[in-house]
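Here the structure is laid out as C-alpha cells; the discussion comes afterwards.
Values below: all heavy atoms of this structure, side chains included; hydrogens, waters and symmetry mates excluded. Indexing begins at 1, ligand by ligand and atom by atom, following the structure's order.
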Amino acid sequence: MTPPPPSADQQEPTPRVADTPRTSVGVLGARGRMGTEVVKAVTAAEDLELVAMIDSGDWLFDVANAGAQVVVDFTRPDVVMDNIRFCVDHDIHCVVGTTGFDAERLATVAAWLEAKPDVGVVIAPNFGIGALLLMKFAQEAARFFPSTEIVELHHPNKVDAPSGTAVRTARLVAEARRAAGLPPSPDATLDALPGARGADVEGVAVHAVRLTGLVAHQEVLMGAPGETLTLRHDSYDRASFMPGVLLAVRQIGSRPGLTVGIETFLGL
Ligand SMILES: NC(=O)C1=CN([C@@H]2O[C@H](COP(=O)(O)OP(=O)(O)OC[C@H]3O[C@@H](n4cnc5c(N)ncnc54)[C@H](OP(=O)(O)O)[C@@H]3O)[C@@H](O)[C@H]2O)C=CC1
Ligand SMILES: O=C(O)C1=N[C@H](C(=O)O)C[C@H](O)C1
C-alpha cells in the first residue's frame, strides 16, 4: 500500500534561493565593453553575487577586501598579468578573457599556480560557443586542405591584432597540418607590400580587419583543387560571450591549476 503523503508540518522545508551560498564575483575592467556585459550577467544570476567592480585607477585590494572568490578579467594585455598575480597570491580563482597570452606568459601563470595548488585560473581567448565550435571544425578539416588562411574582423576600438581567437585557431590548424604531414600552404608571392599577406602564425596567414559596425567575426578559408570550404562565426552582440563566462565562473573553483580555453568545461 502506498504510504500517505507527509502532512505539511512533516515535510522538509524547500531551501530558498537566499539560503544557498552564492559565489562572490569581482569584475576587473567592469566598465569596459565586455566588463559591462559581465556585470549585467553576474547580477542577473541567482547563484552569483557581484562584490567588486574594478577599472584602471581603482584599488585592486578591493576585490580581496570584498571577499571575491572568483575574479573575471576583461582588461588589457598590458595589465592582465599583474591582475592574475594579485589574484593567485590572494587565493582568488580567475576567469580571464583578456588577450595577449603567448607560451611564455602561460608558463609564468602555471609557475605561480604551483605555489597555490587550490587556485584555478582559466584563460580563454574566446567564450563564444559558436567561436569554439568553429575552432574545433577548423582543426578537424585542416588536414584535408592544402591551403588555409584566416581572416578576423573586429570593431575598430580593439587594441590588439590579430585577435587572440585567430592566433589560437591558427595554432590549432598548424598543429593539425603538421600532424598530417602537410607542406606549407602554396604561395608563389615574390613581391608584396609589407602586411599584404597578413601575419604568419606558425605558417598560417592571419589577416585582421578593423571596421566600424562590426563586433567580433572570424572566417577560416580552406582550399583544395576545385573547391573551397569557408567556416565563419559572427558575434553580433557581446551577450554571446556570457554563457561561456558564467560557465567558467561556476566551474573554476573545482578546476585547480591552469586551464587554457573553456573547451574542456563544455566537453568539447
Ligand atoms: N575571451 C573573449 O571571449 C573575449 C575577449 N575580449 C578581450 O577582452 C579584453 C577587453 O576588451 P574590451 O572589453 O573590448 O575592452 P575595453 O577597452 O572596452 O575595456 C577594458 C577595461 O579595462 C579597464 N582597465 C584598464 N586597465 C585596468 C587595470 N589595471 N585594472 C582594472 N581594469 C583596467 C579599462 O578601464 P579604463 O577605461 O578606466 O582604462 C576598461 O574599462 C581585450 O583583450 C579583448 O580582446 C573581448 C571580447 C571577448
Ligand atoms: O576584442 C574583442 O572584441 C574580442 N577579443 C577576443 C579576441 O581577441 O579573440 C575575442 C573576440 O574575438 C572579441
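With hydrogens and angles disregarded, a donor-acceptor distance shorter than 3.5 Å links the side chain of E152 to the backbone of S163. Under the 3.5 Å distance criterion, the side-chain polar atoms of T259 are left unmatched by any main-chain donor or acceptor of R255. Proximity of a side-chain donor or acceptor of S147 to a complementary backbone N or O of S185 within less than 3.5 Å is not detected.
Ranking protein heavy atoms by distance to atom 6 (C) of ligand 2, first place goes to P125 O, 3.7 Å. T165 OG1, 2.5 Å is the protein heavy atom nearest to atom 9 (O) of ligand 2. Protein heavy atom in closest approach to atom 15 (O) of ligand 1: R33 NH2, 3.6 Å. The protein heavy-atom contact nearest to atom 28 (C) of ligand 1 is V79 CG2, 3.8 Å. The protein heavy-atom contact nearest to atom 36 (P) of ligand 1 is S56 OG, 3.1 Å. Protein heavy atom closest to atom 3 (O) of ligand 1, with residue, atom name and distance, is F127 N, 2.9 Å. T75 O, 3.6 Å is the protein heavy atom nearest to atom 20 (C) of ligand 1.
Residue G35 has no nitrogen or oxygen atom sitting less than 3.5 Å from a nitrogen or oxygen atom of ligand 1, judged on distance alone. By the 3.5 Å distance cut-off applied to N or O atoms, R238 is not counted among the residues near ligand 1. For G32, a nitrogen or oxygen atom sits less than 3.5 Å from a nitrogen or oxygen atom of ligand 1, counting backbone and side chain alike. Of the N or O atoms in P77, none lie within a sub-3.5 Å distance of an N or O in ligand 1. Residue-to-ligand polar distances place K158 within reach of ligand 2: an N/O pair is separated by less than 3.5 Å. Backbone and side-chain nitrogen or oxygen atoms of G164 are examined, and one is located within less than 3.5 angstrom of a nitrogen or oxygen of ligand 2. Between M34 and ligand 1, an N or O atom pair is found at a separation short of 3.5 Å. Ligand 2 has an N or O atom lying under 3.5 Å from an N or O atom of H154, backbone or side chain. Taking only nitrogen or oxygen atoms, main chain and side chain alike, T98 does not reach within less than 3.5 Å of ligand 1. Between F241 and ligand 1, no N or O atom pair is found at a separation short of 3.5 Å.
If you number the atoms of ligand 1 from 1 as listed, the ones under 4.0 Å from a heavy atom of K158 come out as 45 (O). The distance from ligand 1 to the heavy atoms of N126 drops below 4.0 Å at these ligand atoms: 1 (N), 2 (C), 3 (O).
We find that K40 and E37 are joined by a salt bridge, their nearest charged nitrogen and carboxylate oxygen being less than 4.0 Å apart. Electrostatic pairing of R177 and E202 does not count as a salt bridge here, judged by no charged N lying under 4.0 Å from a carboxylate O.
Atom 38 (O) of ligand 1 is flagged as protein-proximal [any protein heavy atom, distance under 4.0 Å].
Considering every non-hydrogen atom in both G26 and V51, the closest pair reads N-CG2, 4.4 Å. Counting all heavy atoms, side chain and backbone alike, V215 lies closest to S235 at CB-O, 3.1 Å.
Atom CG of residue L60 and atom SG of residue C87 lie 6.0 Å apart, to the nearest 0.5 angstrom. With rounding to the nearest 0.5 Å, the separation of SG in C94 from CG in L258 is 10.5 Å.
Using bins of under 30°, 30° to 60° and over 60° for the plane-to-plane angle, the ring pair F61/W59 lands in the tilted bin.
At a heavy-atom distance under 4.0 Å, atoms from both the backbone and the side chain of D55 approach ligand 1.
E219 and H217 are not linked by any side-chain donor-acceptor pair at a separation below 3.5 angstrom, with hydrogens and angles left out of the test.
Among V245, V70, L50, the one residue that satisfies the side chain to side chain contact (heavy atoms under 4.5 Å, CB included) test with V42 is L50.
For atom 30 (N) of ligand 1, the nearest non-hydrogen atom from the set T99, D82, N83 comes from N83.
Close to ligand 2: H155, with a non-hydrogen atom less than 4.0 angstrom away.
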Exercise. Apply the test side-chain hydrogen bond (donor to acceptor under 3.5 Å, both in side chains) to residues T169 and Q218: give CA-CA distance (whole Å), side-chain angles for both, the deciding distance (0.1 Å), then the verdict.
Key: CA-CA 10 Å; T169 310; Q218 176 164 283; 2.9 Å; yes
